Amino acid sequence: MSLDRPVLSFFFDALKPESLAQMPFLDSLPYKRRMRAELGHSVTCHPSMYSGVHPDKHRHWFVWRYDPDGSPFRWARVFRHLRLLDNVGSRYLLHKFTGLFREPNTAWFSVPLMVNEPLRYWPYFNVVEDRAWDEPGYLRPYLTVFDILRGHDVPFEVVGMTKGGGDEFVQIGRHRFGAIRPWTYFFLGSIDGYSHHYGQDAPETIARLRRLDRLVEEKVAAFRRRVPDFDLIVWSDHGHIPIARRVDIHAHFRRHGHDIHEFINLVEANYARFWFRTDAERATVEHILSDLEPGFILTDEHYRRYHLQMPDNRYGDLVFYLDRPAIFSKSIWGFGRTQKSMHGYLPDYPDSDGVFLSTRPLVAGTHVELVDALPTLLDALGLPLPDYLDGRVLFDKRS
Ligand SMILES: [Zn+2]
C-alpha cells in the first residue's frame, strides 16, 4: 500500500468547468477533464461517485421512493379521510410530530417536509437515505469508498461535510493538519447553493469561487509543508443551468379538467412522478402530459442509456422529465421562487458537466464519469478494486 504517498482531494458541489476561469489555482492543475453527471440530483450523483456503480445498481435516484410499508408517515394514514384538515400548518405539524418518534435520520436531506403534497399521500412514501454518505453501511449492499477504507484499516479524514457545522471557511478554514492520513477529503458544498440562488455566473458566486480557490490553495500549501509528495484530485458532481421558465403543472392539469392530486404524485424541481391505481389513471395522466412543454415521459430507452433501470416502481410508474430551462413552480420542495439556476437535466448537455482535475496524467478523452471517482481513489491508495465496478481508474499508467 502506498501510504508514503497520500491522496489529498477536494470535492466541489456543482462546479462547472467554465468556472475554473475564476479559479487560477485550480485552473493551474495540469490534467483536466469534464465530469459527466448522472440523470438526477445530488442524491443520485453522490452514491455513484462514492460507490463506483451507477443508479441501476446502487438504486438511489430520488430523495423519496414509493414504500407504504416503510413510510415514516404510516401512522398518518387517517389523513386519507380527513381532507379538510390538510393545509400548510397541519403538514408542518405532522412533519414535526413524526420527527419526534422516529429514529434520527442523519442523511444530508434527512426527512424533508413535502410542501405541496397532500397529507393523504405522505404515508405512501419513504426516504431513500437513512444516514450520511460517510457513515458505515450508507449504500448497503454496495460499499462506499469510506466503507472500503475502513475495511482495509486505512485511516482517512473527511472535513466540511458536517451539516450545520458552518460553511467552508469555518469547517475547512479552521482545520489544521494533524497526523497526515493516507486520504484527506475536503467537501465544499456552497457553490451549489450560491448557483441556485444567484446563478453560477453571477458576481456573488464569482466572488465566492475566487475566495474558495484561495482557500484550497492555502490548504494544499499547508499539506505540502507536511508531505512533499502526494496526489491531488479535485472533482465536482454536476454543473448548473440558468432557469428561464416556470411551469405550473397544477394549472396544466386543471386546463385538462383534472386536479393533479387525483393521482398519487411527487413533483420536484424538474421531475413529476406518478403511481397508478388503475390503467385508466395511467391513460389520463399520459394524455395530460403529452402536451406539457418542455419535457417528455422517460422511456425504457432513457432508463437504459442513463443506467436508471429499477427492479420495481419505487421511483414511479411514470416519470416525466421537465427539460431545461424550466422548473416546476409548485413542488414538494416549495415554490422555487428564489431559484435562478438548476441541475438534474440531461447529462448530454455541456452545462450539466462537472470537472475532474488531477496532478497525475489522466487517460485520454474529453469526459470522465462520477463512477470513476472511487476506482481512481482506490488505485491512488494502492487498494484492490472490487470486481462489480462500473467505473475505471483514470490515471494514465503509461506515463
Ligand atoms: Zn443543487
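Just so it is clear, the model here is predicted, and its values are computed rather than measured. Sequence positions, counted from 1, serve as the residue numbers for this chain. Atoms within a ligand are numbered from 1 in the order they appear, just like the ligands themselves.
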Chemist: Determine, stepwise, if the pair D353 / K16 fulfils salt bridge (charged side-chain N to carboxylate O under 4.0 Å, His left out).
Modeler: CA-CA 6 Å; D353 288 346; K16 295 173 77 161; over 6 Å; no

Chemist: So, of the N/O/S atoms that D192 has, which is the nearest one to the Zn ion (ligand 1)?
Modeler: OD2

Chemist: Taking only residues at least two apart or on different chains, which pairs with a member in residues 307-316 satisfy salt bridge (Lys or Arg N to Asp or Glu O under 4.0 Å)?
Modeler: D312-R314

Chemist: Do any N/O/S atoms of H196 come under 2.8 Å of the Zn ion (ligand 1)?
Modeler: yes

Chemist: Counting N and O atoms only, with roles assigned by atom type, does the side chain of E281 sit under 3.5 Å from a partner on the main chain of R277, one being a donor and the other an acceptor?
Modeler: yes

Chemist: S236 side chain to G354 main-chain N or O, any donor-acceptor pair under 3.5 Å?
Modeler: no

Chemist: Would you say the Zn ion (ligand 1) has H343 as a near neighbour, meaning an N/O/S atom of that residue under 2.8 Å away?
Modeler: yes

Chemist: Does the shortest distance from the Zn ion (ligand 1) to an N/O/S atom of D13 fall below 2.8 Å?
Modeler: no

